[in-house]
Amino acid sequence: MSNKNKFSDSSAKSYSQALYELASEEKNLNDVEKHVISLLKLISQSEDFNLLIKNPTNKQEDQLNVINIIFEKFNLNILLKKFINFLVIK
């Protein structure tokens, strides 16, 4: 396994743990889990959305706008929205 993959795996675990702890503190764990599953389903089913969020040449502003629209339209958890926005900016 390359160092890049190790870093990515390590980062993913750290961010996952952080989201879990935040959701747990806010007593929103079930909602966040349900909404994460919905978001992952959207990513897997929408090629356009998948390309938008995974293509590093897309503007950060465009990514944030689409994510915010999706979260508002489907009334997804605000904590998860803030967390995803943080990841996009990071």
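- In this structure the side chain of Asn28 never reaches within 4.5 angstrom of the side chain of Leu80, judged on heavy atoms.
- Rounding to the nearest 0.5 Å gives a distance of 5.0 Å between CG of Leu39 and CZ of Phe71.
- Residue Ile53 holds its CD1 atom at 8.0 Å from CD1 of Ile84, rounded to the nearest 0.5 Å.
- Leu79 CG to Glu26 CD: the interatomic distance, rounded to the nearest 0.5 Å, is 5.0 Å.
- A distance-only check finds no donor-acceptor pair linking the side chain of Gln63 to the backbone of Val88 [under 3.5 Å].
- For the pair Ser16 (side chain) and Ala12 (backbone), a donor-acceptor distance under 3.5 Å is present.
- Every residue two or more places apart in sequence or in another chain that forms a side chain to side chain contact (heavy atoms under 4.5 Å, CB included) with Gln17 is listed here: Tyr20, Glu21.
- With sequence neighbours excluded, the residues satisfying side chain to side chain contact (heavy atoms under 4.5 Å, CB included) with Lys90 are Tyr15, Phe86.
- Contacts of Asn55 classified as side-chain hydrogen bond (donor to acceptor under 3.5 Å, both in side chains), with partners at least two apart in sequence or in another chain: Thr57.
- Phe83 is not connected to Ile37 by any chain of hydrophobic side-chain contacts under 4.5 Å among Ile, Leu, Val, Met, Phe, Trp and Tyr, and they are in different clusters.
- For the pair Asn65 (side chain) and Glu61 (backbone), a donor-acceptor distance under 3.5 Å is present.
- Ile89 and Leu22 fall within a single hydrophobic cluster, where Ile, Leu, Val, Met, Phe, Trp and Tyr side chains are chained together by heavy-atom contacts under 4.5 Å.
- Grouping Ile, Leu, Val, Met, Phe, Trp and Tyr by side-chain contacts under 4.5 Å, direct or through others, leaves Ile78 on its own.
- Listed by chain and residue number, Glu47 satisfy the side chain to side chain contact (heavy atoms under 4.5 Å, CB included) test with Leu51 (two or more places apart in sequence, or in another chain).
- Contacts classified as side chain to side chain donor-acceptor pair (under 3.5 Å) and involving residues 68-88 (residues at least two apart or in different chains) are given here: Asn68-Asn85.
- With a 4.5 Å cut-off on side-chain heavy atoms, Ile70 and Phe49 count as touching.
- Residue pairs satisfying the side chain to side chain donor-acceptor pair (under 3.5 Å) criterion with at least one member in residues 35-45, sequence neighbours excluded, are absent.
- Side-chain contact between Val36 and Leu19 is present, with heavy atoms from C-beta onward closer than 4.5 Å.
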